[in-house]
Amino acid sequence: MTDDPRSMRDRMLAGDPYIADDPQLAAESTRAQSLTHRYNTMDPTDGTARRAVLEELLGAFGPGSEIRAPFHCDYGSQTTVGARTFANFGLVCLDVARITIGDDVQMGPNVQLLTATHPLEPGPRRDKWESAEPIVVEDNVWLGGGVIVCPGVTIGANTVVGAGSVVTRDLPADVVAVGSPARVVRPLP
């Protein structure tokens, strides 16, 4: 891992092992923390100003979408949100890898989208190596309150994930899934 001449940021963006305390990554993370702090302390009735902060923070923020404060992310620029999407209080996007949220997605309170992962071997983990895998939430998905989506997962269009579920593997379109780990319990009509 140490013979790679790429910057830690380039490694991170490629999904390869990297060390997060790199100065460039730290600066980008500080930018995101500053913007999320501003967003989380704004008057909730000032929709125009709040939207402007999210448009500055995120890679894309679709028309008619809303994220209720508090909202937390690692970088912001790695997260895109489609049109007419709603995220209730407490959304966490650990967007070390890309997080793509489609159109018309509904997310309950305290949903966590977690792209970051760490080595299982104790040595590299102690040396602070990590990596990430992207998450995709396709159009018209409903994630119930407290859902956790793990690294590398895609959730297919129209799927409903029950409250408190932990999604460790891809879910197909047009199903209901519940549990920890989340399992498909029935197709949607």
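For reference, positions follow the sequence shown, starting with 1.
Closest approach of Ala32 to Asp74, counting heavy atoms only: CB-O, 3.4 Å. Across all non-hydrogen atoms, the minimal contact from Thr115 to Leu94 is OG1-O, 2.6 Å. Across Ser165 and Gly162, no two heavy atoms sit closer than the pair OG-O, 2.8 Å. Shortest non-hydrogen contact noted between Thr80 and Arg98 is CG2-NH2, 3.8 Å. The shortest non-hydrogen separation linking Asp95 to Ser77 is OD2-N, 4.0 Å.
Taking 4.5 Å as the limit, every side-chain heavy atom of Arg9 sits out of range of all side-chain heavy atoms of Tyr18. At a threshold of 4.5 Å between non-hydrogen side-chain atoms, the residues Leu113 and Ile101 count as touching. You'll find the side chain of Glu56 reaches within 4.5 Å of the side chain of Arg38, heavy atoms only. Looking only at side-chain heavy atoms (C-beta outward), Val166 and Cys150 come within less than 4.5 Å of each other. Under the 4.5 Å side-chain criterion, counting only non-hydrogen atoms from C-beta, Glu121 is not in contact with Trp129. Within the 4.5 Å cutoff, the side chain of Arg183 has heavy atoms near those of the Arg169 side chain. Side-chain contact between Val161 and Leu143 is present, with heavy atoms from C-beta onward closer than 4.5 Å. Counting heavy atoms from C-beta on, the side chains of Asn40 and His72 come closer than 4.5 Å.
Taking NE2 from His118 and CZ from Arg125, the interatomic distance works out to 9.0 Å, rounded to the nearest 0.5 Å. In this structure, CZ in Phe71 is found 5.5 Å from CG in Leu91, a value given to the nearest 0.5 Å. Here OG of Ser180 is found 7.5 Å from CD1 of Ile148. Values are rounded to the nearest 0.5 Å. Between atom CD1 of residue Ile67 and atom OG1 of residue Thr85 there is a gap of 9.0 Å, rounded to the nearest 0.5 Å. A distance of 4.5 Å separates CZ in Phe89 from CZ in Arg68, rounded to the nearest 0.5 Å.
Using modelled atom types and a 3.5 Å distance limit, the side chains of Asp174 and Asn158 yield a donor-acceptor pair.
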Ser65 and Phe86: side-chain contact (heavy atoms from CB on, under 4.5 Å), yes or no, with the steps?
CA-CA 6 Å; Ser65 289; Phe86 174 78; over 6 Å; no
Could you go through Leu13 and Gln78, starting from their C-alpha distance and side-chain angles, then the distance that decides it, and tell me whether this counts as side-chain contact (heavy atoms from CB on, under 4.5 Å)?
CA-CA 9 Å; Leu13 294 175; Gln78 291 276 83; 3.6 Å; yes
Determine, stepwise, if the pair Asp22 / Ser7 fulfils side-chain contact (heavy atoms from CB on, under 4.5 Å).
CA-CA 9 Å; Asp22 173 77; Ser7 71; 5.8 Å; no
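Asn110 pairs by the side-chain contact (heavy atoms from CB on, under 4.5 Å) definition with nothing, not counting sequence neighbours.
The backbone N or O of Ala157 sits less than 3.5 Å from a side-chain atom of Glu138, completing a donor-acceptor pair.
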